[in-house]
Amino acid sequence: MTRSELSLSGDAASDHHSSSDAASGDDKVGHEGTQEFIAEHPWLVTLGRIGWIAKGAVYALVGVLAMAIALGWPPDRSASSDEASQSGVIARIAEASFGGALLTIVAVGLLLYAMWRLVTVVLPADNTAKAWATRVGYAVSALIYLFLAWSAWSFVTSGNSSTASEGATEDAKVEGVTSNLLAHTGGRLLLALVAVVVVALGGYFVAKGLRRHFDDQLKGGGVGPLSHRNIVVLGRIGWVGRGVMVVLVGFFLARAAWRGDAQEAQGLDGTLRQTLETSGGTAVVVFVAVALIVYGTYCIVSAPLRRLAPADD
């Protein structure tokens, strides 16, 4: 199926996608080397799908914390465990009953997801700029989730849930890095360039959701009571919401560069809180919160349909 076919909307597009997958083989991808690798390592696909479930659970919980912000709670965050971010979710789990056991599961799941992304980096793919850009994106994603897995495991091995609230928040880290950057000659220009890249990435996520380009890494068919069409709808909402979230982060980075004020630059939590202070900000934060919950749900329910695909697929 071509990418233009994937961008079609409506029932006919979904039905055509499902029937095409069924006819060509659910796990067929564009490179013979990739097909051979999958055939030789089917267990890796299974483990990777478990990783997608862990990723989805983390995103859904981030959405819940973001919704709490939209509703005005907590009014004055002073601990990392209150932060609406992936790190904040891990810290919050560490403080819960049976937190150690839950974090062990989360750490293993995130590690499996990181492995999935690392494998997609090295799968045979075309030697094009687009394929290499995708590889870089997958590699960065793998590093991020390896760090999150390590963070979760650190809470488990520390045996002390209070550690969750002792570290610097993501907002404080972003502000610190921004402050150091602004202190150097040319720092404002470099920060502005970073902001442009972040906004562009958010725009890419929005386009990916609207044009359903995520659908080409799923096998056809549904999961349980959810049809393929239902899952695509979840994916669209989730990807657009992620894109809006990233654009907001980039906007405040750009404002920090423009004003030369490091306090303008924040992580997701601080960005959402700053957005609440703008006109229509509450509606935007509610949308982002709902979309993150939907994206998490999408990752979980689509896990059985995930196929290991090369960077240019």
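In this chain, residues are counted from 1 in sequence order. These numbers come from a predicted model, not from an experiment.
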Student: Are Arg255 and Trp258 in a cation-pi contact, defined as NZ or CZ under 6.0 Å from the six-membered ring centre and within 45° of the axis?
Tutor: no

Student: Between atom CG of Leu193 and atom CG of Leu253, what is the distance when rounded to the nearest 0.5 Å?
Tutor: 12.0 Å

Student: For the hydrophobic clusters of this structure (ILVMFWY residues joined by side-chain heavy atoms under 4.5 Å, transitively), does one cluster hold both Val244 and Val199?
Tutor: no

Student: May I ask you to test the Val45-Trp116 pair for a side-chain heavy-atom distance under 4.5 Å?
Tutor: yes

Student: Dump the intermediate steps for side-chain contact (heavy atoms from CB on, under 4.5 Å) on Gln266 and Val174, then the final yes or no.
Tutor: CA-CA 6 Å; Gln266 300 287 317; Val174 172; 5.6 Å; no

Student: Let me know which of Arg211, Arg212, Lys219 forms a salt bridge (charged side-chain N to carboxylate O under 4.0 Å, His left out) with Asp215.
Tutor: Arg212

Student: More than 12 non-hydrogen atoms from neighbouring residues, nucleotides or ligands closer than 6.0 Å to CZ on Phe287, yes or no?
Tutor: yes

Student: Between Tyr59 and Val286, is there a shared hydrophobic cluster once you connect ILVMFWY residues whose side-chain heavy atoms come closer than 4.5 Å?
Tutor: yes

Student: How close do Val121 and Arg135 get, counting heavy atoms only, and between which atoms?
Tutor: O-NE, 3.2 Å

Student: Check for a donor-acceptor pair, side chain of Ser141 on one end and backbone N or O of Gly137 on the other, with a separation under 3.5 Å.
Tutor: no

Student: When rounded to the nearest 0.5 angstrom, what is the spacing between CG in Leu226 and OG1 in Thr297?
Tutor: 9.5 Å

Student: Please check if the side chain of Arg117 supplies one atom and the backbone of Tyr138 the other of a donor-acceptor pair under 3.5 Å.
Tutor: no

Student: Cation-pi check, Arg49 to Trp52: give yes when NZ or CZ is under 6.0 Å from the six-membered ring centre and within 45° of the ring axis, no otherwise.
Tutor: no

Student: Check Ile53 against Ile300 and note the closest heavy-atom contact, atom names and distance.
Tutor: O-CG1, 3.7 Å

Student: Can you give me the closest heavy-atom contact between Ile231 and Ser302, atom names plus distance?
Tutor: CG2-CB, 4.0 Å

Student: Ignoring hydrogens and geometry, is there a side-chain-to-backbone donor-acceptor pair from Asn230 to Ser227 under 3.5 Å?
Tutor: yes

Student: Report yes or no: does Gln274 contribute a side-chain atom to a donor-acceptor pair with the main-chain N or O of Glu264 at less than 3.5 Å?
Tutor: yes

Student: Within this structure, what is the OG1-CG distance for the pair Thr178 and Asp261, rounded to the nearest 0.5 Å?
Tutor: 10.0 Å

Student: If the plane angle is over 60° it's perpendicular, under 30° parallel, otherwise tilted; pick one for Phe214 and Trp239.
Tutor: parallel

Student: Where do Arg236 and Leu210 land on the side-chain contact (heavy atoms from CB on, under 4.5 Å) test, with the steps shown first?
Tutor: CA-CA 6 Å; Arg236 276 180 158 169; Leu210 293 177; over 6 Å; no

Student: How long is the span from the OG1 atom in Thr275 to the CE atom in Met245, to the nearest 0.5 Å?
Tutor: 11.5 Å

